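Structure record follows, encoded as structure tokens.
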Amino acid sequence: MNKITIAIDGHSSCGKSTMARDLASRLGYVYVDSGAMYRAVTLYALRGGIAHDGQIDEPRLRDALPDISISFIFNPTTQRPDTYLNGELVEREIRSLQVSSCVSPVAALPFVRSAMVEQQRLMGEKGGIVMDGRDIGTTVFPNAELKVFVTASAEVRARRRYLELTAKGQQCDFADILRNVQERDYIDSHREVSPLRPAPDAVLLDNSDMTPAGQLEWLLHQVELKTNV
Ligand code: CDP
């Protein structure tokens, strides 16, 4: 079977990463979490005082970009790639609410986006990839054979994120998470460069009432439709 490129885009916290990772592992494809890249840039900016109190020092971040190296290494225990920032494992830190609160303004900066998109295209050069994010089907891989646009209600998404963080032992408040989900939706959909929207040829998936297993079956069926032509 020929290996295709699969783009999974959608709103924050709707389980894109889990579904993209499961799909990639079933197909023997590479999985790339593009959001982790924007999160790693944000962590770098927060640590270096380039971003604080909701302000981003854009010239400093632009100058720092060549010093930010992001890589992924497959973790056999979790069966998913871990994110490394300049060689340091940052998988846990990039998922914190502090990073989530600052990532969308960082990801809206055109120079950050162009640097990340360039790296993402290199990762997907040979096909056989599942990448999830906001602009994968519209900007990164506009020729992807399969594009999926996922959503679910904001409350369902905030509940999932809350359970994910508390399961990892992180203290959090549901109202803060819901607010963060809604704010990120707004910024992601209204930014000038690559705003979040479905590609015209994307298939839509509202997974509010779907189980992970049901969703994986649905996705595998979509892949079959694209590869058995
Ligand atoms: O896991 P969740 O869907 O909540 O977010 P994520 O995929 O980790 O992405 C974090 C943030 O990075 C998003 O809220 C977007 O602001 C930004 N992002 C983006 O602009 N473009 C992408 N391709 C991926 C993420």
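Here the structure is a predicted model, which means the values were calculated and not measured. In what follows, residues are counted from 1 in the order of the sequence shown. One-based numbering, in listed order, for ligands and for the atoms of each.
The single protein non-hydrogen atom nearest to atom 25 (C) of ligand 1 is Gly35 CA, 3.5 Å, given as residue, atom name and distance. Closest protein heavy atom to atom 24 (C) of ligand 1: Ser34 OG, 3.3 Å.
Heavy atoms of Glu183 found under 4.0 angstrom from ligand 1: none, in either backbone or side chain. Residue contacts with ligand 1, taken as heavy atom pairs separated by less than 4.0 Å, involve Arg113 solely via side-chain atoms from C-beta onward. The part of Arg161 lying near ligand 1 is the side chain, judged by heavy-atom distances below 4.0 Å. When non-hydrogen atoms are compared, ligand 1 lies under 4.0 Å from the backbone of Arg134 as well as from its side chain.
With Lys147 as reference, Asp201 is the one residue of Asp9, Thr5, Asp201 to meet the side-chain hydrogen bond (donor to acceptor under 3.5 Å, both in side chains) rule.
Using a 3.5 Å distance cut-off with no hydrogens or angles, the side chains of Asp22 and Tyr31 do not pair a donor with an acceptor. Side chains of Ser100 and Arg39: a donor-acceptor N/O pair is present below 3.5 angstrom, by distance only.
Seen from the ring of Phe174, Arg159 counts as a face-on cation partner, given the 6.0 Å and 45° thresholds.
Near Lys16, meaning under 4.0 Å from one of its heavy atoms, ligand 1 places the atoms 3 (O). Those atoms of ligand 1 with a heavy atom of Asp188 less than 4.0 angstrom away are 13 (C), 14 (O), 15 (C), 16 (O). Of all atoms in ligand 1, listed by their number and element, those nearer than 4.0 Å to a heavy atom of Tyr38 are 12 (O), 18 (N), 19 (C), 21 (N), 22 (C), 23 (N), 24 (C), 25 (C). Residue contact check: Ser104 has heavy atoms under 4.0 Å from atoms 14 (O), 15 (C), 16 (O) of ligand 1. Proximity to Ala107 (heavy-atom distance under 4.0 Å) selects the following atoms of ligand 1: 16 (O), 17 (C), 20 (O). Residue Ser13 has at least one heavy-atom neighbour below 4.0 Å for each of these atoms of ligand 1: 2 (P), 3 (O), 4 (O). For ligand 1, the atoms sitting less than 4.0 Å from at least one non-hydrogen atom of Ser12 are 3 (O), 4 (O), numbered in the order shown with element in parentheses.
For Arg191, the closest heavy-atom approach to ligand 1 falls below 4.0 Å.
Heavy-atom proximity to atom 8 (O) of ligand 1, evaluated over Arg157, Arg39, Met37, is greatest for Arg39.
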Just do the side chain to side chain contact (heavy atoms under 4.5 Å, CB included) check on Asp209 and Val156 with the steps written out, would you? CA-CA 9 Å; Asp209 299 313; Val156 165; over 6 Å; no
